[in-house]
Amino acid sequence: LKALREHGVAVKILTGDNDHVTAKVCADVGLESGPILLGHDIAAMSDAALGPAVRTHQVFAKLSPDQKERIVAALQAQGHVVGYMGDGINDAPALRRADIGISVDSAVDIAKEAADIILLEKSLLVLQEGVVEGRRVFANMVKYIKMTASSNFGNVFSVLLASAFLPFLPMLPMQLLVQNLLYDLSQTAIPFDRVDEDQLKAPQAWAAADIGRFMLCFGPVSSVFDIATFAFMWWGLGWQQEAQVSAFQTGWFVEGLLSQVLIVHLIRTRWLPFVQSQAAPVLLATTAGVAALGLWLAQGPWASAFHMARLPATYFGGLLCLLVAYVALAQTVKAWYARRHGWA
């Protein structure tokens, strides 16, 4: 009960038993019962009156099966996701009405048939672990969607800008496909990533509008540094001639891949990555491996197969400065976004 409470799950007792027995059991397990609402009181209430009552009361006794179902429906009407656990015939209507019906392997057949989940262990910690794991899966799913949406938006925006001002393609289609494939590989470990504790403390809800807002906020951040990379290679390194087009395209391939690998770690948490929030070892290994593989493809023996050129040391010096500035700006935007719109 304490673990569920710490993760924002309120526990209410709905029973057909005597209110005095129920109060004693609640006291024994450490659940504050407060005033107990009885079935005959609920029978006299309209649905409008029942709503506030189920919100303020924790324990309901001497209930009929339809009254249990009414209480579940009243909680759902207020926007709550309701899990109901029962093992008797009288629990079947409420089990069916709840968002998640939970029963036990020793329950009557009709209760097990009405339930979504059947517990095989006599421990409520199984429910708490399920809640936390569900939130972890959801958080990692949203991470992936945010990363993909913002990165793709930024890439398309950068290509459009570069195509308008450069006299050549900023990156060959084959190079762009290889970069996207490598970026996808770096994200394959996200389902196994750790999730910050603050994202597990309370339930999260799907919000499509938030995904769009996040994309429009973080996508241009990567585009700013793509354009800065273009400027650095065009004016700083003087790669303006036809003979230097391959070096230019290779330079953006490397910068784009490394910035995308960084964004995996920047977006996976609202905190400072590697310092305040550690990614799972498998995600660290995957992203590091992808970054190394991308550099090897661009500068190794297979570079000519992808029409890539060897890059000078001056490029990598400038690239390091650009990536450090990229992390600083992304962290600043992330902090502003979290204050303005929240992170989870």
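As the structure is a prediction and not an experimental result, all values here were calculated from the model. The first residue in the sequence is number 1, and the count goes up from there.
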>> Could you see if L176 belongs to whatever hydrophobic cluster contains L293? Use Ile, Leu, Val, Met, Phe, Trp, Tyr and a side-chain cutoff under 4.5 Å.
In response: yes
>> Using a 6.0 Å cut-off, check whether atom CH2 of W302 has over 12 heavy atoms from anything other than its own residue.
In response: no
>> Measuring only between side-chain heavy atoms, which start at C-beta, is Q260 closer than 4.5 Å to V290?
In response: no
>> Distance check, rounded to the nearest 0.5 Å: I211 atom CD1 versus K146 atom NZ?
In response: 5.5 Å
> For residues D196 and T269, is any side-chain donor paired with an opposing acceptor at under 3.5 Å?
Replying inline: yes
>> So does G101 get a backbone contact from the side chain of D116, meaning a donor-acceptor N/O pair under 3.5 Å?
In response: yes
>> Taking L161 as the starting point, is it possible to reach M233 by hopping between hydrophobic residues whose side chains are less than 4.5 Å apart?
In response: no
> Quick one: does I263's side chain get under 4.5 Å of L266's, heavy atoms only?
Replying inline: yes
>> Looking at every heavy atom in both L257 and Q179, which two are closest together, and how far apart are they?
In response: N-NE2, 3.4 Å
>> When you measure from the side chain of R135 to the backbone of L200, do you find a donor-acceptor pair of N or O atoms at a distance under 3.5 Å?
In response: yes
> If you count the non-hydrogen atoms of other residues, nucleotides and ligands that lie under 6.0 Å from CD in Q276, is the total more than 12?
Replying inline: yes
> Should M171 and V159 count as side-chain neighbours, where that means a heavy-atom distance under 4.5 Å?
Replying inline: no
>> Please find the pair of heavy atoms, one from P52 and one from Q78, that lie closest to each other, and give the distance.
In response: N-NE2, 4.5 Å
> Salt bridge check: are D198 and K201 linked by an N-O gap of less than 4.0 Å?
Replying inline: no
> In this structure, which one of W336, Y337, F225 forms a ring pair (Phe, Tyr, Trp, His ring centres under 6.0 Å) with F218?
Replying inline: Y337
>> Can you tell me how far apart CG (L14) and CE (M85) are? Round to the nearest 0.5 Å.
In response: 12.0 Å
>> Ignoring hydrogens, what is the shortest heavy-atom contact between H7 and P203? Give both atom names and the distance.
In response: O-CD, 4.4 Å
>> Please verify the inter-ring angle class for F157 with F153; under 30° counts as parallel, over 60° as perpendicular, anything in between as tilted.
In response: parallel
> Quick one: are P281 and R194 in side-chain contact, heavy atoms under 4.5 Å?
Replying inline: yes
> Would a 4.5 Å heavy-atom cut-off, applied to side chains only, mark D87 and V108 as touching?
Replying inline: no
> Which one of L75, L31, V72 satisfies the side-chain contact (heavy atoms from CB on, under 4.5 Å) criterion with K12?
Replying inline: L75
> About how many Å separate CD of Q187 and OG1 of T148, when rounded to the nearest 0.5 Å?
Replying inline: 4.0 Å
>> Please check: side-chain N/O of Q175 versus main-chain N/O of F306, any donor-acceptor pairing under 3.5 Å?
In response: yes
> With distance as the sole test, does S222 use its side chain to make a donor-acceptor pair with the main-chain N or O of G219 at under 3.5 Å?
Replying inline: yes
> Counting N and O atoms only, with roles assigned by atom type, does the side chain of S150 sit under 3.5 Å from a partner on the main chain of M147, one being a donor and the other an acceptor?
Replying inline: yes
>> Please check this pair: side chain of E69 against backbone of R97, looking for a donor-acceptor N/O pair closer than 3.5 Å.
In response: no
> Is it true that a side-chain atom of K112 and a backbone atom of D105 form a donor plus acceptor pair closer than 3.5 Å?
Replying inline: yes
> Would F60 and I71 satisfy side chain to side chain contact (heavy atoms under 4.5 Å, CB included), going step by step from the backbone distance to the final call?
Replying inline: CA-CA 9 Å; F60 308 83; I71 293 172; 3.7 Å; yes
> Does the side chain of S277 come under 3.5 Å of the side chain of R268 through a donor N or O and an acceptor N or O?
Replying inline: yes
> Roughly how far, to the nearest 0.5 Å, is CG of L284 from CG of D193?
Replying inline: 8.0 Å
> Could you give the distance from SG (C217) to CE (M215), rounded to the nearest 0.5 Å?
Replying inline: 11.0 Å
>> Would the distance check show the side chain of E129 and the main-chain N or O of V126 forming a donor-acceptor pair, the cut-off being under 3.5 Å?
In response: no
> Going by atom types only, do S158 and S223 share a side-chain donor-acceptor pair under 3.5 Å?
Replying inline: yes
> Are W252 and L311 linked, directly or through other ILVMFWY residues, by side chains that come within less than 4.5 angstrom of each other?
Replying inline: yes
>> Test side chain to side chain contact (heavy atoms under 4.5 Å, CB included) on Q299 and R310; report intermediate values, then the result.
In response: CA-CA 6 Å; Q299 300 297 280; R310 184 164 296 278; 3.7 Å; yes
>> With a 3.5 Å distance limit and no angle check, can you tell me whether N90 reaches the backbone of P65 through a side-chain donor-acceptor pair?
In response: no
> Is a salt bridge present between D17 and K62, judged by a nitrogen-to-oxygen distance below 4.0 Å?
Replying inline: no
>> Starting from L262, can I reach F253 by hopping between I/L/V/M/F/W/Y residues whose side chains sit under 4.5 Å apart?
In response: yes
> Do you know which two heavy atoms are closest between L283 and S186, and how far apart they sit?
Replying inline: CD1-O, 3.7 Å
> If you draw a 6.0 Å radius around CG in L329, do more than 12 non-hydrogen atoms from other residues or ligands fall strictly inside?
Replying inline: yes
> For Q241, does the CD atom have more than 12 heavy-atom neighbours from other residues, nucleotides or ligands under 6.0 Å away?
Replying inline: no
>> Can you tell me how far apart CG (L125) and CG (L119) are? Round to the nearest 0.5 Å.
In response: 11.0 Å
> Heavy-atom distance under 4.5 Å between the side chains of L95 and I110, does that happen here?
Replying inline: no
>> Between D66 and R70, does any side-chain N to carboxylate O distance fall below 4.0 Å?
In response: no
> Same cluster or not: are V264 and V221 linked, directly or through other Ile, Leu, Val, Met, Phe, Trp or Tyr residues, by side-chain heavy atoms under 4.5 angstrom apart?
Replying inline: yes
>> Is any side-chain heavy atom of P273 closer than 4.5 Å to one of Q331?
In response: yes
> Do W343 and F214 have ring centroids that are under 6.0 Å from one another?
Replying inline: yes
>> Can you tell me which residue among F232, W239, F168, W235 is in a ring pair (Phe, Tyr, Trp, His ring centres under 6.0 Å) with F248?
In response: F168
>> Checking L169 against Q249 for the side chain to side chain contact (heavy atoms under 4.5 Å, CB included) test, could you report, in this order, the C-alpha distance in whole Å, the side-chain angles of both residues, the deciding distance, and whether it holds?
In response: CA-CA 8 Å; L169 287 175; Q249 294 167 339; 4.2 Å; yes
> Could you walk me through whether C26 and V59 pass the side chain to side chain contact (heavy atoms under 4.5 Å, CB included) check?
Replying inline: CA-CA 9 Å; C26 289; V59 180; 3.8 Å; yes
>> For the backbone of A53 and the side chain of H57, can you confirm whether one donor and one acceptor N or O come within less than 3.5 Å of each other?
In response: yes
> Considering all heavy atoms of both residues, which atom of A98 and which atom of V82 are nearest to each other, and what is their separation?
Replying inline: CB-O, 3.7 Å
> Any side-chain heavy-atom pair from Y315 and L237 closer than 4.5 angstrom?
Replying inline: yes
>> So which atom in H307 and which in S246 form the shortest heavy-atom distance, rounded to 0.1 Å?
In response: O-OG, 3.0 Å
>> Does either side chain, that of R136 or that of Q199, offer a donor lying less than 3.5 Å from an acceptor on the other one?
In response: no
